[in-house]
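Structure, as structure tokens:
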Amino acid sequence: MLTSIKGSSAVVTGASKGIGKGIARVFAKKGASVLGVARDAGAIEATMGELRAAGTEASALSADVSNWADMQRMAETAVQRYGGVDILCANAGIFPAAKLDDLTPEGWDEVLAVNLKGLFLTVKACLPAMKSKRKGRIVVVSSITGPITGYPGWVHYAASKAGQLGFIRTAAIELARYNITINAVMPGNIKTEGLDDLGGEYLDKMAASIPMKRLGSVEDIAYAALFFASEEAAYITGQTLVIDGGQVLPESLMALE
Ligand code: NAP
């Protein structure tokens, strides 16, 4: 049983659906006050409304993680509404597919702007609030794609997700003196609205390639994020945790027979 995060102020980006919604729901259920962030104002309001209807404390902010002014406004809002930023979950991300032949410079920039620069802006904006309390927990949602595996159509995405791990390792050293930890979860294939967009055939074939023969749930990721956000994880920083049902393990298709 982990120490409660009850009473903590948590910011979760990309919280209107998918993994971010799952993390926001679990953090709120565990007693944190959650500021949920996404660009679509109606969607993030509706999702945070669902959490409030379930009797938990959550509120919405429409903001774009690739926009510095938006991220500053996000941190200010968390301080005003909930007294600080104890936990930051940098989850917002995009994964539009395009093979090298079709990928444009603009397409590359868009993915890097949201997934990698967005991480930098999200973290930088929340640091003053964390440093003033001399404590903080930052949990980044990276991926197995890039740091460990490859998949045609996602060079830009893979580069952004591997880049996030480079970011956390140096940030961990800079932030250690303030008692702020930064770690990353690395999901495999998780059943979300974003993944559903890739189509039924993709989902079925992917499930067949996973030793546990199923895609992950958003809760599978949320409870790993909760561990990194807990008091018990105080001495863990700059580290990663793969949550993938064993997907990265098989040496070949024969290993799954
Ligand atoms: P999703 O279902 O598409 O949800 C993405 C969330 O991020 C939405 O709330 C979206 O809302 C928000 N978002 C996107 N761009 C944003 C921006 N510029 N500023 C603020 N919010 C933004 O995606 P998901 O599958 O849950 O993925 C969430 C994270 O997990 C991503 O970082 C992804 O790379 C990572 N991941 C997912 C999987 C998987 O299998 N699903 C596997 C590995 C890693 P708006 O569009 O309204 O902004």
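Everything numeric here is computed off the predicted structure, so don't read it as measured data. Numbering of ligands and ligand atoms starts at 1, following listing order.
For a threshold of 3.5 Å applied to N or O pairs, the pair formed by V65 and ligand 1 contains at least one separation below that value. Close N/O approach between P187 and ligand 1 is not found [any backbone or side-chain N/O within under 3.5 Å].
Contacts between D40 and ligand 1, counted as non-hydrogen atom pairs separated by less than 4.0 Å, involve both the backbone and the side chain. When heavy-atom distances to ligand 1 are checked against a 4.0 Å cut-off, K161 comes that close only through its side chain, counted from C-beta outward.
Ranking protein heavy atoms by distance to atom 34 (O) of ligand 1, first place goes to Y157 OH, 2.6 Å. Here the protein heavy atom with the shortest distance to atom 20 (C) of ligand 1 is A63 O, 3.4 Å. In terms of protein heavy-atom proximity, atom 40 (O) of ligand 1 is closest to I190 N, 2.7 Å. Looking from atom 3 (O) of ligand 1 to the surrounding protein, the closest heavy atom is G194 CA, 3.5 Å. The nearest protein atom to atom 26 (O) of ligand 1, hydrogens excluded, is given as I19 N, 2.8 Å; this is a heavy-atom distance. For atom 22 (C) of ligand 1, the closest heavy atom belonging to the protein is A92 CB, 3.7 Å. The shortest contact between atom 16 (C) of ligand 1 and any protein heavy atom is with R39 NE, 3.4 Å. Of the protein's heavy atoms, G14 CA, 3.3 Å lies nearest to atom 7 (O) of ligand 1.
For the atom pair NZ (K17) and CD1 (I44), the distance works out to 11.0 Å, reported to the nearest 0.5 Å. The CE atom of M48 sits 8.5 Å away from atom OG1 of T56, with the distance rounded to the nearest 0.5 Å.
Close approach to V114 involves these atoms of ligand 1, each under 4.0 Å from a residue heavy atom: 15 (N), 18 (N). Taking every non-hydrogen atom of A15 and a distance limit under 4.0 Å, the qualifying atoms of ligand 1 come out as 9 (O). If you number the atoms of ligand 1 from 1 as listed, the ones under 4.0 Å from a heavy atom of I94 come out as 14 (C), 15 (N). Listed by number with element, the atoms of ligand 1 under 4.0 angstrom from any heavy atom of V141 are 29 (C), 30 (O), 32 (O), 35 (C). With ligand atoms numbered from 1 in the order given, ligand 1 contributes 40 (O) to contacts under 4.0 Å with heavy atoms of N189. Taking every non-hydrogen atom of G188 and a distance limit under 4.0 Å, the qualifying atoms of ligand 1 come out as 38 (C), 40 (O), 42 (C), 43 (C). Atoms of ligand 1 lying under 4.0 Å from any heavy atom of S16, numbered from 1 in the order shown and given with element: 8 (C), 9 (O), 11 (O). Listed by number with element, the atoms of ligand 1 under 4.0 angstrom from any heavy atom of T192 are 2 (O), 24 (P), 25 (O), 26 (O), 41 (N).
Side chain of R134 to backbone of N179: no donor-acceptor contact under 3.5 angstrom is found. In this structure a side-chain-to-backbone donor-acceptor pair under 3.5 Å is present from R52 to A58. Judged purely by atom type and a 3.5 angstrom limit, N183 uses its side chain to pair as donor or acceptor with the backbone of Q239.
Looking at heavy atoms from C-beta onward, I190 lies in side-chain contact with V218 at the 4.5 angstrom threshold. Looking only at side-chain heavy atoms (C-beta outward), L175 and T237 stay at 4.5 Å or farther from each other.
Partner of Y223 under the side-chain contact (heavy atoms from CB on, under 4.5 Å) criterion, chosen from I243, V26, V185: V26. A salt bridge (Lys or Arg N to Asp or Glu O under 4.0 Å) with K191 is found for one member of D196, D220, D197 and no other, namely D196.
Sorted by first and then second residue, the ring pair (Phe, Tyr, Trp, His ring centres under 6.0 Å) pairs with a member in residues 129-148 form an empty list; sequence neighbours excluded.
Looking at G93, S142, G36 and measuring to atom 44 (C) of ligand 1, the nearest heavy atom belongs to S142.
The aromatic rings of F120 and F167 stand perpendicular to each other, their planes meeting at an angle above 60°, with 30° marking the opposite boundary.
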Q | side-chain contact (heavy atoms from CB on, under 4.5 Å) assessment of K117 paired with S66 | A | CA-CA 6 Å; K117 186 177 176 191; S66 65; 5.9 Å; no
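Of all the heavy atoms in N115 and Y157, the pair that sits closest is ND2-CD1, 3.5 Å.
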